[in-house]
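See structure below.
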Amino acid sequence: MQNVKRNITTASLLAVICLLAACSGSEEKTASKNPVSDDRDSLYQLGRLANYNTVVFPKILALVETGDIITRCGSDLTSEILRRLNEKDKTFSHIGIVSIEQDTVFVYHSIGGEFNPDQKLKREKLWSFTHPDDNKAAGVFRLPLKPSQTKTLIAEVQRLYRIGVPFDLDFDWHTNDRLYCAEFVVKSLTKALGDTNYFHHTFIMGKEGVGVDDVTSNKNAVRLGKWDY
């Protein structure tokens with residue numbers, strides 16, 4: 001049965017990749033033949049940036065606290081594929097943990113590819129993490145953590161950042177020397193909570209693991225806000 005699940009999941013993933021690649025290629029060809037569309041896209045992007053800087057980001061900044069979970073939906077092809085791998089909620093493609101340090105809000109998150117060439121756990125300013133150049137939506141979630149649990153969580157997140165734990169390209173839940181985005185969040189929170197059954201596990205590409213929605217759809221997670229831009 002597990003092999004059947006793996007084959008179905010892999011086939012579905014390949015179908016999604018082909019479909020999205022075809023759509024992306026078609027859009028690029030259309031844009032290249034119509035120079036006016038490039039101007040419209042630029043004006044549209046400027047409008048999105050203005051909305052982000054004056055409306056969206058101030059709201060997110062005023063809302064977040066240390067220990068919060070922050071999500072985003074990227075606008076690239078890879079993000080679209082990852083978003084669709086979620087089983088329960090396909091809204092977001094990436095996830096991280098908020099830490100307010102002195103007067104700056106940072107997001108710790110595990111990411112690979114062109115966005116993070118050295119593949120190591122990333123510490124990024126909130127403004128950049130949710131920026132509209134590469135993203136089209138963001139969300140903030142909060143779990144009922146005690147102050148001591150929040151302290152443990154951030155200590156673990158910062159420890160993993162200091163040692164430079166790399167992104168897990170194999171999406172292997174059963175290893176700890178490499179972590180993909182949802183795995184990093186769940187394992188860090190699990191250590192803080194002391195409860196290995198707190199989060200639901202799913203199958204991702206035929207492998208046991210966790211998805212972004214296994215965090216955001218947790219019965220104890222409260223969604224404080226979601227923004228499309």
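Sequence positions, counted from 1, serve as the residue numbers for this chain.
- Cluster membership for Leu224 and Leu61, using ILVMFWY side-chain heavy atoms within less than 4.5 angstrom, is shared.
- Ile100 is not connected to Val157 by any chain of hydrophobic side-chain contacts under 4.5 Å among Ile, Leu, Val, Met, Phe, Trp and Tyr, and they are in different clusters.
- Residue Lys88 qualifies as enclosed at atom NZ: its count of foreign heavy atoms under 6.0 Å is above 12.
- Heavy-atom minimum distance, Pro58 versus Thr54: CG-O, 3.6 Å.
- No donor-acceptor distance shorter than 3.5 angstrom exists from the side chain of Ser188 to the backbone of Glu156, with no hydrogens or angles considered.
- When side chains are defined from C-beta on, Val105 counts as touching Val98, because their heavy atoms get closer than 4.5 Å.
- Pairs engaging residues 43-65 under the salt bridge (charged side-chain N to carboxylate O under 4.0 Å, His left out) rule: Glu65-Arg142 [sequence neighbours left out].
- Contact annotation: the side chain of Phe167 never approaches that of Lys122 to less than 4.5 Å [non-hydrogen atoms, C-beta and beyond].
- Asp133 CG to Leu49 CG: the interatomic distance, rounded to the nearest 0.5 Å, is 6.5 Å.
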Could you walk me through whether Lys125 and Thr104 satisfy the side-chain contact (heavy atoms from CB on, under 4.5 Å) test, starting with their C-alpha distance in whole Å, then the side-chain angles of each, then the deciding distance to 0.1 Å, before giving a yes or no?
CA-CA 7 Å; Lys125 291 182 179 179; Thr104 305; 4.1 Å; yes

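- In the hydrophobic clustering of ILVMFWY residues, with side-chain heavy atoms under 4.5 Å counting as a link, Ile95 and Trp227 come out apart.
- From Asn176, atom CG reaches atom NZ of Lys187 across 3.5 Å, with rounding to the nearest 0.5 Å.
- Put simply, the side chain of Ile70 reaches to within 4.5 Å of the side chain of Ile60, judged on heavy atoms.
- At most 12 non-hydrogen atoms from other residues, nucleotides or ligands lie less than 6.0 angstrom from NZ of Lys120.
- Taking the six-membered ring where the residue is Trp, the centroids of His109 and Phe184 are separated by 6.0 Å or more.
- Between the side chain of Asn218 and the backbone N or O of Val215 there is no donor-acceptor pair closer than 3.5 Å.
- Between His94 atom NE2 and Leu82 atom CG the span is 9.5 Å, to the nearest 0.5 Å.
- With hydrogens and angles disregarded, a donor-acceptor distance shorter than 3.5 Å links the side chain of Lys90 to the backbone of Arg84.
- Looking at Trp173 and Val186, their side chains come closer than 4.5 Å, going by heavy atoms from C-beta outward.
- Taking 4.5 Å as the limit, every side-chain heavy atom of Tyr161 sits out of range of all side-chain heavy atoms of Phe106.
- Remark: the backbone N or O of Ser75 is not paired with any side-chain donor or acceptor of Ser79 at under 3.5 angstrom.
- Side chain of Thr202 to backbone of Val210: no donor-acceptor contact under 3.5 angstrom is found.
- In this structure, Asn51 contributes its side chain and Gly47 its backbone to no donor-acceptor pair below 3.5 Å.
- Here CG of Asp68 is found 8.0 Å from OG1 of Thr66. Values are rounded to the nearest 0.5 Å.
- Panel note: side chain Asp213, backbone Ser217; no donor-acceptor pair is recorded below 3.5 Å.
- At least one side-chain heavy atom of Asn220 sits under 4.5 Å from a side-chain heavy atom of Tyr198.
- The CZ atom of Arg123 sits 7.5 Å away from the CD atom of Gln158 when rounded to the nearest 0.5 Å.
- When every heavy atom of Asp214 is checked against every heavy atom of Phe199, the shortest pair comes out as O-CD2, 3.6 Å.
- For the pair Ile154/Ile97, a side-chain contact is recorded, criterion being any heavy-atom separation below 4.5 Å from C-beta on.
- Remark: side-chain polar atoms of Ser110 are paired, donor with acceptor, to backbone N or O of Leu179 under 3.5 angstrom.
- Note that CG of Leu193 is 7.0 Å distant from CG of Asp195, once rounded to the nearest 0.5 Å.
- Contact record, Asp177 with Val165: O-CG2, 3.3 Å, taken as the closest heavy-atom pair.
- The cluster map of Ile, Leu, Val, Met, Phe, Trp and Tyr, joined by side-chain heavy atoms under 4.5 Å apart, puts Phe57 and Phe141 in different clusters.
- Panel note: side chain Tyr52, backbone Trp127; a donor-acceptor pair is recorded below 3.5 Å.
- No side-chain heavy atom of Asn86 sits less than 4.5 Å from a side-chain heavy atom of Thr216.
- Counting only distance, with no hydrogens or angles, the side chain of Arg72 and the backbone of Phe129 share a donor-acceptor pair below 3.5 Å.
- Each of Tyr44 and Tyr229 belongs to its own hydrophobic cluster when Ile, Leu, Val, Met, Phe, Trp and Tyr are linked at side-chain heavy-atom distances under 4.5 angstrom.
- In terms of heavy-atom proximity, Asp170 sits nearest to Lys207 at O-NZ, 2.8 Å.
- The nearest pair of heavy atoms linking Ser93 to Cys73 is OG-CA, 3.5 Å.
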